[in-house]
Amino acid sequence: GEDVEQSLFLSVREGDSSVINCTYTDSSSTYLYWYKQEPGAGLQLLTYIFSNMDMKQDQRLTVLLNKKDKHLSLRIADTQTGDSAIYFCAESNYTGGFKTIFGAGTRLFVKA
Amino acid sequence: SAVISQKPSRDICQRGTSLTIQCQVDSQVTMMFWYRQQPGQSLTLIATANQGSEATYESGFVIDKFPISRPNLTFSTLTVSNMSPEDSSIYLCSVVIGQVRDIQYFGAGTRLSVL
């Protein structure tokens, strides 16, 4: 079945860039998302990219999509302590109805 | 985007009781879903809430345990029935807004602890 994989932990220093990586297996993905979850909270949609795009930039966030390798990345520039959270990669498709597959989440630690 | 209000935000319940979680959206949505997030885990889809008909459940989830209602396009409820400590999780309502593109948004979640 479809799968989304991402590393579990990432630690960076405040002010550095963070890059969170994700791989997926579904070749019929339509949208790919990055969600942020702070402790005790729900999922906040950070950004998404349509599968026919290579890159999307939104302020400090840059999403890169390599469809050939089924690789998605999220770069956070000038990482701040407030960026410490769990980041979920997800992909959705319409195979057999709308379905979204989530990765296990990457816990980002930002050191002051 | 959409504003998704989920109530209650948290609750502590006794074993054997039931809890109903409400999800209200401020705009009409094309799809509504209920997810469970067990401690330290990713999200698992419980079911798709269908307006005016029975929800579509994923493997491992049944209507007797997780009855769902969706009487209109902006409101849904999930009931966790006959609770046990294993039901302690965050329950999340999610919607897909299909005005231009099908983008999926989440509510703040209900943190449930069962004693």
Side-chain angles (χ1 to χ4, degrees), chain A residues 1-9 20 22-26 28-53 56 58 63 65 85-109, chain B residues 1-11 21 23-25 29-50 53 55-60 78 88-98 100-113:
Chain A
E2 300 97 347
D3 193 20
V4 175
E5 293 193 355
Q6 51 185 130
S7 54
L8 295 182
F9 300 99
I20 304 173
C22 168
T23 59
Y24 61 97
T25 58
D26 187 4
S28 61
S29 296
T30 305
Y31 296 99
L32 296 115
Y33 307 88
W34 285 103
Y35 292 92
K36 177 183 179 182
Q37 186 177 38
E38 298 183 62
L43 267 67
Q44 172 195 353
L45 177 65
L46 277 182
T47 187
Y48 65 91
I49 188 168
F50 196 51
S51 59
N52 67 355
M53 298 167 65
K56 181 177 181 181
D58 183 3
V63 178
L65 174 60
I86 300 175
Y87 291 80
F88 289 94
C89 172
E91 62 94 5
S92 64
N93 63 73
Y94 293 88
T95 306
F98 185 91
K99 180 171 287 187
T100 304
I101 308 296
F102 288 85
T106 299
R107 187 178 293 273
L108 175 64
F109 296 95
Chain B
S1 64
V3 176
I4 305 168
S5 302
Q6 196 172 327
K7 293 192 297 187
S9 59
R10 57 177 61 231
D11 208 341
I21 302 167
C23 178
Q24 178 74 55
V25 190
V29 300
T30 54
M31 289 175 270
M32 293 182 80
F33 306 96
W34 287 98
Y35 285 83
R36 180 174 74 182
Q37 186 182 25
Q38 294 178 298
Q41 303 293 313
S42 187
L43 281 73
T44 301
L45 179 64
I46 297 172
T48 302
N50 300 309
S53 64
T56 304
Y57 290 85
E58 297 298 305
S59 175
L78 167 74
S88 297
S89 295
I90 300 174
Y91 292 85
L92 294 143
C93 172
S94 176
V95 303
V96 171
I97 308 292
V100 177
R101 293 178 171 173
D102 289 336
I103 305 304
Q104 189 166 4
Y105 298 90
F106 285 81
T110 297
R111 184 179 291 270
L112 171 63
S113 297

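The analysis underlying the following values was restricted to heavy atoms, covering all of them including side chains, and did not include hydrogens, waters or symmetry mates. To find a chain, count down the sequence lines: A is the first, B the second, and so on, and within it residues start at 1.
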List the atom of A:Ile86, the atom of A:Gly105, and the distance in Å for their closest heavy-atom pair.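 Smallest heavy-atom distance, with atoms named: CG2-CA, 3.8 Å.
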Side chain, backbone, both or neither: which part of [X] has a non-hydrogen atom closer than 4.5 Å to chain B?
X       : result
A:Gln37 : side chain
A:Tyr33 : side chain
A:Leu45 : side chain

Would you call the rings of A:Tyr35 and B:Phe106 parallel, tilted or perpendicular, taking 30° and 60° as the class edges?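 Ring orientation of A:Tyr35 relative to B:Phe106: perpendicular.
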Less than 4.5 Å to any heavy atom of chain A: does that hold for the side chain of B:Gln37, its backbone, both, or neither?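 Side chain only.
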If you measure only the distance, is there a donor-acceptor pair under 3.5 Å linking the side chains of A:Thr106 and A:Gln6?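 The criterion, which ignores hydrogens and geometry beyond distance, is satisfied for A:Gln6 and A:Thr106.
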Who among B:Met31, B:Gln104, B:Arg10 has the most heavy-atom pairs with chain A under 4.5 Å?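 Highest number of heavy-atom pairs under 4.5 Å: B:Gln104.
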Determine, for A:Phe88 and A:Lys36, whether the Lys NZ or Arg CZ falls below 6.0 Å from the six-membered ring centre while staying within 45 degrees of the axis.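 Because its charged atom misses either the 6.0 Å distance or the 45° angle limit, A:Lys36 does not stack over A:Phe88.
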Got a second to check how far A:Phe50's CZ is from A:Leu65's CG, nearest 0.5 Å?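 Those atoms lie 11.5 Å apart.
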